[in-house]
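Sequence lines set the chain letters: A, B, ... in the order given, protein chains first and strands last, and positions in each chain run from 1.
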There are 4 protein chains.
Amino acid sequence: MRSDARANRDRVLAAAEEVFGESGNAGSTEEVARRAGVGIGTVFRHFPTKRALVKATIVRHLTLLAETARARGEGGEAGAAFRETFREMVSGAPAKLTLVALLEEPADSTGSADEVEAAATMVREAVEELLSRGQQAGEVRADATVDEVYMLIRALANARGDRTVVDRAVDIVLDGLSPRRSE
Amino acid sequence: MRSDARANRDRVLAAAEEVFGESGNAGSTEEVARRAGVGIGTVFRHFPTKRALVKATIVRHLTLLAETARARGEGGEAGAAFRETFREMVSGAPAKLTLVALLEEPADSTGSADEVEAAATMVREAVEELLSRGQQAGEVRADATVDEVYMLIRALANARGDRTVVDRAVDIVLDGLSPRRSE
Amino acid sequence: MRSDARANRDRVLAAAEEVFGESGNAGSTEEVARRAGVGIGTVFRHFPTKRALVKATIVRHLTLLAETARARGEGGEAGAAFRETFREMVSGAPAKLTLVALLEEPADSTGSADEVEAAATMVREAVEELLSRGQQAGEVRADATVDEVYMLIRALANARGDRTVVDRAVDIVLDGLSPRRSE
Amino acid sequence: MRSDARANRDRVLAAAEEVFGESGNAGSTEEVARRAGVGIGTVFRHFPTKRALVKATIVRHLTLLAETARARGEGGEAGAAFRETFREMVSGAPAKLTLVALLEEPADSTGSADEVEAAATMVREAVEELLSRGQQAGEVRADATVDEVYMLIRALANARGDRTVVDRAVDIVLDGLSPRRSE
DNA sequence: GATGAATGAGAGTTCATTCAT
DNA sequence: TATGAATGAACTCTCATTCAT
C-alpha cells in the first residue's frame, strides 16, 4: 500500500507541474486532482496545503534541472557545455524554469522556503560549476558572476514569445558572455 | 465634481499599478480600492470590470513608457540614447514594464485588446527607432532586430533580484548588443 | 421653478411605468432616471425610496384605470359597458394592471400601503359599479361578486401569452359571467 | 456518501421551491442555502448557477404536476376529472403552478431551456388529454382549446387572494367552459 | 433644485481546506 | 488510505441611497 501512495504522489506532482505550468498560481487544486486521476482529498493528504504542493512541484523541477546541468557539466568542452546548458535551461522541455516564477510572486516570508531554497542552490551551484569551467577554459568572460548568469537564465526562461526570437535573444546574451576583446 | 472624479480615477489607477505590480492578476480589486482610499463601488464606476481596470493600468504604463523612450530618443548620441533607454526600461521606476506580464497570462481573446495593443505598439516603435538609430551610428550590432531587443527588455524588467545584479546583467546584454568584432 | 419640478416628477413616473412594466421590480432606479432624462438624484428627490417610486407608479396607474372604467360606466348599455371594460382592463394599453403584481411580491407589511390601497379601492368600486349595473340589466349573472370579478381581471391582466389566446380566454370567462340558464 | 449528497440535493430543491415560490427570482441563493440548512457552497456544487437551480426547481414542479394530472385523468368520469384537475392545478398544494411565472420573467434565450420546456410540454399534454376527454364526453364546450385552458389555469394559479374567492372565480371559469346552451 | 460621483451592503460564484464515509 | 461532498471566506460586480458641488 506504500507503493500506491508513492505512485499517487508522483502522479499528483506531474499533474501539478502541468497545471501550474499552464496557469500559474491561478491553477486550481481540483484541476490538479482531476488530471492526476485522484480525489481532491488525496492531493491534500500528500500535500497539506496548496502552497506545499506548489513548493514540492518546484523542488522536483529544480532537482531535475540541477541533475541535468550537472550531467552536462561532466562532458569535455567547457565552453560548449556552458552554452548548451544555458540554452537548455531557457527553453528545454523538462527543464523549464518557468515554475520558479511562482515563488517570486508572493513575498515568501513563511520562512519555510528552505527546501526550495536548497534545491535552487543546487541549480545555482551547477550553473556556477559550468560557469567557472568555461571561464577557466577562456571561453566565458572572466568578470561574469553566477548571480548575473543565473538571473539571465531565469529571466529568459520566463519570457514568452516565439521560439526563434528567444533563440536569437539567447545568442545575443551568449555573445555578451563571451570573452571581451581585451581579454 | 468632474475634477473630483478625475482625481479619483487617477488614484485608482495608481493604486492598481501598485497592487497588480506586486501580485499580478491575483491582486484583488478590493485591495486596489483600499489603497486608493475609495469605496469598491467607485472603482467599478470608473472601470466596469476588473479586466478593464487591468487594461487601463497597462495602457497608462505603456503610454508613459513610450513617451519616456521617445523623449530620450531626441537626444544627440544615438548609442548612448539606446543604452540609457534600455537601462531605464528595465529598472526605471515609472517605466517598469513588469505589468505587461499581466497581458501574457490570459489568452487575450476578447478582441478588445486593441487599446492595449496600440499602446504596446507605440512602445515597440519607440524601441525600434532607438535601435535603428544606434545601428546607423554603428554603435549597435547590425543583425539585432526589435524582436529580440524588446524581448530582452521585457525579460529583464520582469526579473526580480538585487538592483546591482540586474545592472550587471544589463551590462552583459548590452555588450552582446554592441557591434561584433568583425563588423 | 415649481412647474419644472412637477414636469420632472411626471417624466420620472412615466419612465418608471415603462421600466417596471418591462422588468418588474428588477428594473433599476438608474434606468428610470436615464429614460426620464434626469439625474439619479432627481429621482430620489421626488421619491425618497425605490419602494415609494414603485408605489407612486402604481397609484398613477390605478387612478388612470379607475377613471377610464368610470367614464366607460357612464355609457348606455350596461352589459356591453361591463364586458368592454373587462376586456380593456385585461389587455388595454394605458390601463394594464400588470404593475399591480409588483405590490403582491413583497409582503406589504410597511403599513404605508394606504395610498395604493385607496387607489385600488377606487378601481374596485368602478368595477363594482359596472358589475351591479350589468346585473341589474340582467346581462351579468346575479351571483357574481366584485371579489371574483376583480380577481379574474387581475389574473388575466398578469397572464403573458399570445394576444389572441388571451382574447379567447376572456371570452370564456365572460361566458362564465353571463346569466345562468335558469336565471 | 452518495446518499447524503442526494438527500442534500433534495433539501436544497425543497428550500428553493419555498424561497422562489415566495419571492420569485428575487429570492437569494443564500436564503435557499440557509433554509436547506447547508452551506452556500453546497448549493453551488449541486447547481452550478442560480439559473440552473431555478430551472431544476421548476422542472421538479412541473413533473410532479404532470404526474398528478395524468393520474387524475385515469379516473372514470371525464368531466369531473377535468374540473377537479383544473381546481387542483390552481390551488393544490404540491401542484401549484406559481413557479412557472419565473420562467416568464427572463427572456429565456439561453437555448438551454429544453429541459424546462419538455416538462412544461408534459403538463400541457396532460391538460390536453383531460380536456379532449371532457369534450368527447360532452361535458366541456367543444370550441375550447388547450391554449386558453392552460392559460386560464396559469393565470389563476398565480393569482393571490382569499382561497374562497379563488374558488368562486374558478367556478365562474368552469361555467364558462361548460357546454354552451346551443350545443 | 438638479446633478452624478461615491458609498457599501448584498448577490452570485470560486476554491482551498476539512471531514464523514 | 482514498474519496468527494460540504464548508465558508473571499472575490467580482450591482444597485439603492447619500452628499458634495
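- Distance from the side chain of B:Ala5 is smallest for E:dA5 among the nucleotides F:dC13, E:dA5, F:dT17.
- The heavy-atom pair separating D:Val38 from D:Val43 by the smallest distance is CG2-CG2, 4.0 Å.
- A:Asn25 has its CG atom 13 Å from the C1' atom of E:dC15, to the nearest Å.
- Between B:Glu22 and B:Arg35 a salt bridge is recorded (basic side-chain N to carboxylate O distance below 4.0 Å).
- Contact of the B:Lys50 side chain with the B:Asn25 side chain is registered, since non-hydrogen atoms from C-beta on lie closer than 4.5 Å.
- Atoms CD (C:Glu30) and P (E:dA2) sit 18 Å apart, rounded to a whole Å.
- Taking atom CZ of residue C:Phe20 and atom C1' of nucleotide F:dC15, one finds them 12 Å apart after rounding to whole Å.
- Atom CG of A:Leu53 is separated from atom C1' of E:dT17 by 13 Å (rounded to the nearest Å).
- Phosphate contact (OP1/OP2 of F:dA2, side-chain N/O of A:Asn8, threshold under 4.0 Å): present.
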TODO: Could you give me the CA-CA distance, side-chain angles and deciding distance for D:His46 and D:Asn8, then say whether side chain to side chain contact (heavy atoms under 4.5 Å, CB included) is met?
DONE: CA-CA 9 Å; D:His46 288 293; D:Asn8 267 342; 4.1 Å; yes

TODO: Might you work through the side chain to side chain contact (heavy atoms under 4.5 Å, CB included) test for A:Asn158 and B:Asn158, ending with a clear yes or no?
DONE: CA-CA 9 Å; A:Asn158 284 324; B:Asn158 284 325; over 6 Å; no

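- The shortest side-chain heavy-atom distance between A:Phe20 and A:Leu53 falls under the 4.5 Å cut-off.
- Stem regions for DNA chain F, each three or more consecutive Watson-Crick or G-U pairs with both distances under 3.5 Å and listed by first number, read E:2-21 with F:2-21.
- Contact between the side-chain N/O atoms of A:Ser28 and the OP1/OP2 oxygens of E:dC15 is not found at any separation under 4.0 Å.
- Using a cutoff of 4.0 Å between basic side-chain nitrogens and carboxylate oxygens, B:Glu117 and B:Lys55 are not scored as salt-bridged.
- Summarising the geometry, the separation between CZ on A:Arg51 and P on E:dT17 is reported as 11 Å, rounded to the nearest angstrom.
- To the nearest 0.5 Å, the span separating CD on D:Glu67 from OG1 on D:Thr63 amounts to 6.5 Å.
- Between F:dT12 and B:Thr29, a contact under 4.0 Å exists linking OP1 or OP2 to a side-chain N or O.
- Residues of residues 31-48 of chain A having a heavy atom closer than 4.0 Å to DNA chain E, listed by number: A:Ile40, A:Phe44.
- For the atom pair CD1 (A:Ile58) and CD (A:Glu115), the distance works out to 11.0 Å, reported to the nearest 0.5 Å.
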